[in-house]
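We number each residue from 1, following the sequence as shown.
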Amino acid sequence: EPLFRSGHCWEPIINYVNTQFEDYLNAESRVSRQLIKDTRIQCCLYFIAPSGHGLKPIDVECMKQLHAKVNIVPVIAKADTLTPEECARFKRAVMRDIASNHIKIYDFPDLEGEDAEEIAANKKLKESIPFAVVGSNGIIIDEKGKRCRGRKYPWGVVEVENGDHCDFTTLRNMLIRTHMQDLKDVTNDIHYENYRAQRLAEVISPSEKHELPSRNPMAQIEFEKQEHEAKMRKMEEEMEQVFAQKVMEKQQKLKESEADLKRRHDQMMVSLEKQQRELDEKRRQFEQDKTDFEAQQRKYQQEQEAIQSQQQKHGKNDKYKTHKKGIFT
């Protein structure tokens, strides 16, 4: 616990891996090398808590400390606490964190020249990383009487060896069937050779280099020059990759901004068209009301003229009747 809190929880693991490398190196240095017991660590299963939010800082630092020493295979523990959708999202988040922090996990070899079935199986393995596994707490007997390892819950049974429930069988087949030899080869050719070269460099101090008859100073200078040039080329490539990544991110942001502007423009155009339609409707209604009003005015004038005409006519008749009455009286 104190070691974990101090931030050096990986030291016991690194010390153990180095101890196995040291024992193998000592066995190789003996006169009789016929029976060498190989206890080197071929693979490290790094279990990740199913938080659903990617790697924790302690996970990132620990994997960075280990990836140069051993083949790291990330594994999500207690995967039965996640739904299939949450598990898939968590896997993507873990792989993004691994890539962004430049953590070197075990890289499955490309099976060029193999049949389509093996290539498809290898592709499925790559897509399954990190492997989501579930631990068994006993033997479960299902309704059909079948015995299986798993965990029983009120809502059902999680079968450890069921590929639809977790990646345990996929991980097991990868470790002990399909990729065991490749794990050993990577450990021997890369991790162990790096450790061996480091130990030999520690043994040979700079003051003792001139005493070695097989050491050619000019060849050493040329070797260091080539190593420096290779390092500079690697740095240039990394800088170019970073620049290209930044350019891609900038282009993506510009595309997103352009899409947002287009979306806002489309919304504005829809709003303007709606307002235009409303104005046209109001104008049409106004013209209709104006036409109706003018028609009513004309009708009203016609009615007034008709009333006046009738009144004038009645007035003449009354006058004529009065005059006629006066004649006969």
With the threshold set at 4.0 Å, does a side-chain nitrogen-carboxylate oxygen contact exist between D266 and K262? yes

Do the side chains of D280 and R277 get close enough for a salt bridge, i.e. N-O under 4.0 angstrom? no

For D182 and F108: C-alpha separation, side-chain torsions, deciding distance, then whether side-chain contact (heavy atoms from CB on, under 4.5 Å) applies. CA-CA 9 Å; D182 187 68; F108 289 89; over 6 Å; no

With a 4.5 Å cut-off on side-chain heavy atoms, are D289 and F293 touching? no

Applying side-chain contact (heavy atoms from CB on, under 4.5 Å) to K69 and H191, what does each step give before you reach the verdict? CA-CA 5 Å; K69 298 288 185 179; H191 300 304; 5.7 Å; no

Walk me through whether E22 and Y195 qualify under side-chain contact (heavy atoms from CB on, under 4.5 Å). CA-CA 9 Å; E22 186 68 22; Y195 177 83; 2.5 Å; yes

Run the side-chain hydrogen bond (donor to acceptor under 3.5 Å, both in side chains) check on D292 and Q288 step by step: do they pass? CA-CA 6 Å; D292 295 340; Q288 182 66 35; 3.2 Å; yes

Nearest-0.5 Å distance that lies between atom CD in Q245 and atom CD in Q252: 10.5 Å

Any heavy-atom pair between the side chains of H67 and I105 that's under 4.5 Å? no

Please report the C-alpha distance between D23 and T39 in whole Å, then the side-chain angles of each, then the deciding distance to 0.1 Å, and finally whether the side-chain hydrogen bond (donor to acceptor under 3.5 Å, both in side chains) criterion is met. CA-CA 8 Å; D23 293 343; T39 59; 4.9 Å; no

Using the rule given for side-chain hydrogen bond (donor to acceptor under 3.5 Å, both in side chains), can you reason through Q65 versus E61, listing the C-alpha separation, both sets of side-chain angles and the distance that settles it, and then say yes or no? CA-CA 6 Å; Q65 295 293 331; E61 187 60 31; 3.0 Å; yes

Between A132 and A79 the two heavy atoms that sit nearest each other are CB-CB, 3.6 Å

Between Y106 and I176, is there shared hydrophobic-cluster membership here, with clusters defined by ILVMFWY side-chain heavy atoms closer than 4.5 Å? yes

Give a yes-or-no answer on whether the side chains of Q304 and Y300 include a donor-acceptor pair shorter than 3.5 Å. yes

Taking C-beta and beyond as the side chain, do K104 and M63 meet within less than 4.5 Å on heavy atoms? no

Does any non-hydrogen side-chain atom of V73 lie less than 4.5 Å from one of C44? no

Under 6.0 Å from the CD atom of E117, do we count more than 12 heavy atoms belonging to anything else shown? no

Taking only Lys NZ, Arg NE, NH1 and NH2, and the carboxylate oxygens of Asp or Glu, determine whether R196 and E193 approach each other closer than 4.0 Å. yes

Quick one: does P130's side chain get under 4.5 Å of M95's, heavy atoms only? yes

Spacing of Q20 atom CD and Y24 atom OH [to the nearest 0.5 Å]: 13.0 Å

Salt bridge between R151 and E159, side-chain N to carboxylate O under 4.0 Å? no

Heavy-atom closest pair, residues V134 and V160: O-CG2, 3.5 Å

For E127, is there an ion pair with K91 - N to carboxylate O distance below 4.0 angstrom? no

If every non-hydrogen atom of L175 is compared with every non-hydrogen atom of L183, which pair is closest and at what distance? CD2-CD1, 4.0 Å

Any cation-pi pair here, R40 with Y192, using under 6.0 Å and within 45°? yes

Has the side chain of N101 got a donor or acceptor atom that lies under 3.5 Å from a matching backbone atom of D97? yes

Walk me through it: do R284 and E281 pass the test salt bridge (charged side-chain N to carboxylate O under 4.0 Å, His left out)? CA-CA 5 Å; R284 187 193 63 78; E281 179 64 23; 2.6 Å; yes

With a sphere of 6.0 Å drawn around CD of Q267, does it hold more than 12 non-hydrogen atoms of other residues, nucleotides or ligands? yes

Taking every non-hydrogen atom, the tightest pair across G163 and T169: CA-OG1, 4.3 Å

Beyond-backbone contact of L55 with Y46, side-chain heavy atoms, under 4.5 angstrom: no

Would the distance check show the side chain of E86 and the main-chain N or O of T83 forming a donor-acceptor pair, the cut-off being under 3.5 Å? yes

What do you reckon, is NZ of K126 surrounded by more than 12 foreign heavy atoms closer than 6.0 Å? yes

Output yes when a side-chain donor or acceptor of S136 lies under 3.5 Å from a complementary backbone atom of R149, and no otherwise. no

Determine whether more than 12 heavy atoms belonging to other residues, nucleotides or ligands lie under 6.0 Å from atom CZ of R263. yes

When rounded to the nearest 0.5 angstrom, what distance separates CD in Q275 from NZ in K282? 9.5 Å

Write down the atom of C62, the atom of W10, and the distance for their closest heavy-atom approach. SG-CB, 3.7 Å

N15 backbone acceptor or donor facing T19 side chain under 3.5 Å: yes

Just so I know, are the side chains of T178 and L125 near enough to count as touching, which here means a heavy-atom distance under 4.5 Å? yes

Check for a donor-acceptor pair, side chain of N194 on one end and backbone N or O of I190 on the other, with a separation under 3.5 Å. yes

For the pair I76 and D167, evaluate side-chain contact (heavy atoms from CB on, under 4.5 Å) and give the outcome as yes or no after the intermediate values. CA-CA 10 Å; I76 299 175; D167 299 328; over 6 Å; no

Apply side-chain hydrogen bond (donor to acceptor under 3.5 Å, both in side chains) to H165 and D80, showing your working. CA-CA 8 Å; H165 294 182; D80 52 337; over 6 Å; no

Indicate yes or no: at least one non-hydrogen side-chain atom of V247 is less than 4.5 angstrom from one of Q251. yes

Between S128 and T170, the two heavy atoms sitting closest are OG-CG2, 4.4 Å

Rounded to the nearest 0.5 Å, the CD atom of E273 sits from the CE atom of M268 at a distance of 12.5 Å

Just verifying a value: how many Å separate Q276 CD and R283 CZ, rounded to the nearest 0.5 Å? 7.0 Å

Atom pair NE2/CD of H179 and Q42 - distance to nearest 0.5 Å: 15.0 Å

